[in-house]
Amino acid sequence: MVVSEEGKLLILEDPSDEELNRAREHNGPIIIVLRKLGSVNVQGKHPMNIYILKSPSDEKLEALKAQLMARRTSTREVAIEGPISRRELLIGRVVKVIEKNVPTYFENACSARFGCNDCVNACPTNATSIVNNRVVINENACIECGLCVSKCPTGALAMVGADDNEYVALLNKLNDVKGIKRITFTCPLNTREPRNGEYIYRVPCVDAVSPEWVAMALAKSLEVSIECPDQSCKLGGADYAKGLINAFMGSFKLGITKDDALSMATDETLSERIIYMGIRRNDYVKALVRLRPRSKGVTNELLKIFSIHIDDVKCSFCGVCFAKCPERAFDVGRDGNKTVLKFNSLKCIGCGHCARLCPEKAITINRAREFPMSDSTDVVYDEVVTCRMCGKPFDTRRHIMTMKIKLGIKGDPEWLYLCPDCRRYYTAKKMLENALGVKGVKSYV
C-alpha cells in the first residue's frame with residue numbers, strides 16, 4: 001500500500017510485488033514500512049536509497065522522514081567498461097553503467113580557493129583533485145568511502161546519507177520528537193534492527209562520519225555510537241571509528257557505554273533545544289562551545305581545531321588577516337588606548353589563507369594541542385594613533401612605522417599623523433600656500 005509520496009520521498013507500507021516493481025523506477029529515497037510482512041526484496045536500487053523499517057514507532061518514522069525530505073544529493077549512473085546486458089540494449093544504452101554514490105560538490109561552500117585541500121589529502125584512491133580552485137572527482141576511481149566528505153571542514157562535499165542538510169534536519173526534528181536517546185552511525189551492510197530509543201543513521205561508510213556530526217549530537221545530550229559491521233573491511237572504517245571515539249574521549253569528560261557508545265554520563269542535562277543551520281563550521285562551533293565545560297584542556301588532530309602564532313616583532317597590524325579570513329576567525333577590538341587583534345581558534349579551518357597573504361610573513365598555523373577555553377584570544381596589541389588635527393583615532397603605531405619604512409619617509413613629518421580627511425585638507429592647504437607664496441592661509445572650513 002502506498003502511504004504517501006512527498007516530493008522525491010516515496011513511503012510504502014507492506015507493499016505488493018507490483019508496488020515494489022514500480023518502486024524500482026522511483027528516482028529518490030524509499031521508505032518501506034513492514035507491519036504485517038516479514039521481509040521484502042528490492043533489487044536494482046542503490047542500498048542508500050532503500051530504508052526498510054519493521055513496525056517502527058511514530059517517533060522514528062517521523063525522524064527518518066525529516067532526514068530524507070531534506071536530501072539534496074542523489075546517486076548517479078557512472079559508465080564503466082564491460083559488455084552491456086540485453087536489458088540495457090533494449091532500453092537504448094550503448095555503454096555499461098553502474099549506480100554509484102559519488103560525492104556532490106557545492107562550490108559556494110568550498111575553501112579550495114583559499115588554499116584548503118583536505119579532501120585531496122584524505123582520498124585513498126586519488127580520485128579527488130583541485131583544478132582551477134575547484135574540486136574535481138573522478139567518478140570511476142571513487143570507492144564511495146566518504147573520507148573526503150568527513151574531512152571537508154566546510155561541508156562543500158556531500159553524499160547520499162552523508163550530507164549536513166540531512167543530518168541537521170534530523171537533529172532539529174529531535175527537538176520536537178521525543179524518545180530517541182542515541183544515534184548509531186553505520187553502513188548498509190549492518191542490517192540489525194534498532195534498539196529501544198536508538199536511531200540508526202546509515203552512511204555510505206563510517207569513514208563519512210565527521211567529528212562535527214559527533215559533537216553536534218553530544219551537544220544535544222544524545223549518545224553516539226559508530227558501528228562498522230565488517231572489521232576486515234578494506235575501507236578501514238573500523239579503525240577510523242575507533243580513532244574518532246578515542247579522540248573525543250581524550251578531549252572531553254565523557255562516559256563510554258558497554259557497547260562503546262559515547263555518553264554524557266552525568267545527571268547534568270544540557271539543553272536539547274539547540275538549532276543547527278546546516279553550515280558545517282558554524283554548527284561545529286556552536287556544539288563545541290556547548291561542550292566546552294567538559295573539556296580536558298587538550299585536543300586531537302581529528303577534531304580539526306587549529307592554533308595560530310603571530311610574530312610580534314614582524315606584525316605591522318595591517319589588518320589583512322582580519323579582512324581576508326574566509327571564516328571570520330579574526331576580530332579587532334579596543335583595550336583602553338590599545339587596539340587588539342583577536343583570534344577564535346574554533347572558527348579557524350586551517351586553510352592558511354592568512355599566512356599566505358600576510359605581507360610580513362608573521363603568521364604560522366598549526367594543529368591545536370590545547371582546547372580553547374574562551375571564544376577568542378588576544379594575539380597582538382598595538383597603540384592607537386589619534387589625528388593631531390581632529391583628534392579622531394585612525395591608525396596604529398605599528399602600521400604607521402611600517403609604512404614609513406616601506407615608503408622611505410625621512411624624519412617624522414606632521415602629515416603622517418593626520419587622518420585621511422585631515423590629510424587631504426593639509427595637502428590642499430600646503431598646495432595653496434605654495435601657489436600664493438605665503439604661509440598660514442586662513443581656512444574657512
Where the side chain of Tyr276 meets the backbone of Ala287, is there a donor-acceptor pair that is under 3.5 Å apart? no
State which residue, out of Glu59, Lys60, Gln67, fulfils the side-chain hydrogen bond (donor to acceptor under 3.5 Å, both in side chains) condition with Tyr199. Gln67
Give me the atom names and distance for the closest heavy-atom approach of Val224 to Phe185. CG1-CE1, 3.9 Å
Would you give the length of the straight line joining atom CD1 of Ile400 to atom CZ of Arg398, rounded to the nearest 0.5 angstrom? 13.0 Å
Using the salt bridge (Lys or Arg N to Asp or Glu O under 4.0 Å) criterion, which residues pair with Glu107? Sequence neighbours excluded. Arg134
Once you round to the nearest 0.5 Å, how far does CD1 of Ile363 lie from CG of Leu357? 8.5 Å
Please name the residue in the list Arg24, Glu18, Glu25 that meets the side-chain hydrogen bond (donor to acceptor under 3.5 Å, both in side chains) test with Asn21. Arg24
Determine whether the aromatic ring centres of Tyr201 and Tyr167 lie less than 6.0 Å apart. yes
For Arg292, is there an ion pair with Asp375 - N to carboxylate O distance below 4.0 angstrom? yes
Identified salt bridge (charged side-chain N to carboxylate O under 4.0 Å, His left out) partner of Arg76 from the options Glu99, Glu139, Glu144: Glu139
Any ion pair linking Arg192 and Glu198 (charged N to carboxylate O, less than 4.0 Å)? yes
Partner set under salt bridge (Lys or Arg N to Asp or Glu O under 4.0 Å) for Arg369, not counting sequence neighbours: none
Pairing of Asp331 and Lys347 as salt bridge, 4.0 angstrom limit: no
Ignoring hydrogens and geometry, is there a side-chain-to-backbone donor-acceptor pair from Tyr381 to Lys338 under 3.5 Å? no
Any carboxylate oxygen within less than 4.0 angstrom of a Lys/Arg side-chain nitrogen, looking at Lys304 and Asp118? no
Pairing of Glu383 and Arg397 as salt bridge, 4.0 angstrom limit: yes
Which of parallel (below 30°), tilted (30 to 60°) and perpendicular (above 60°) describes Phe330 and Phe343? tilted
What distance separates Thr402 OG1 from Lys314 NZ, expressed to the nearest 0.5 Å? 13.0 Å
Will you find, in the side chains of Asn175 and Lys220, an N or O donor that is under 3.5 Å from an N or O acceptor? yes
Restricting to pairs with a member in residues 153-171, which pass salt bridge (Lys or Arg N to Asp or Glu O under 4.0 Å), not counting sequence neighbours? Arg71-Glu166, Arg72-Asp163, Asp164-Arg280
Can you confirm whether Lys296 is buried at NZ, in the sense that more than 12 heavy atoms of other residues, nucleotides or ligands lie under 6.0 Å from that atom? yes
NZ/NE/NH1/NH2 to OD/OE distance under 4.0 Å, Arg281 and Glu327: no
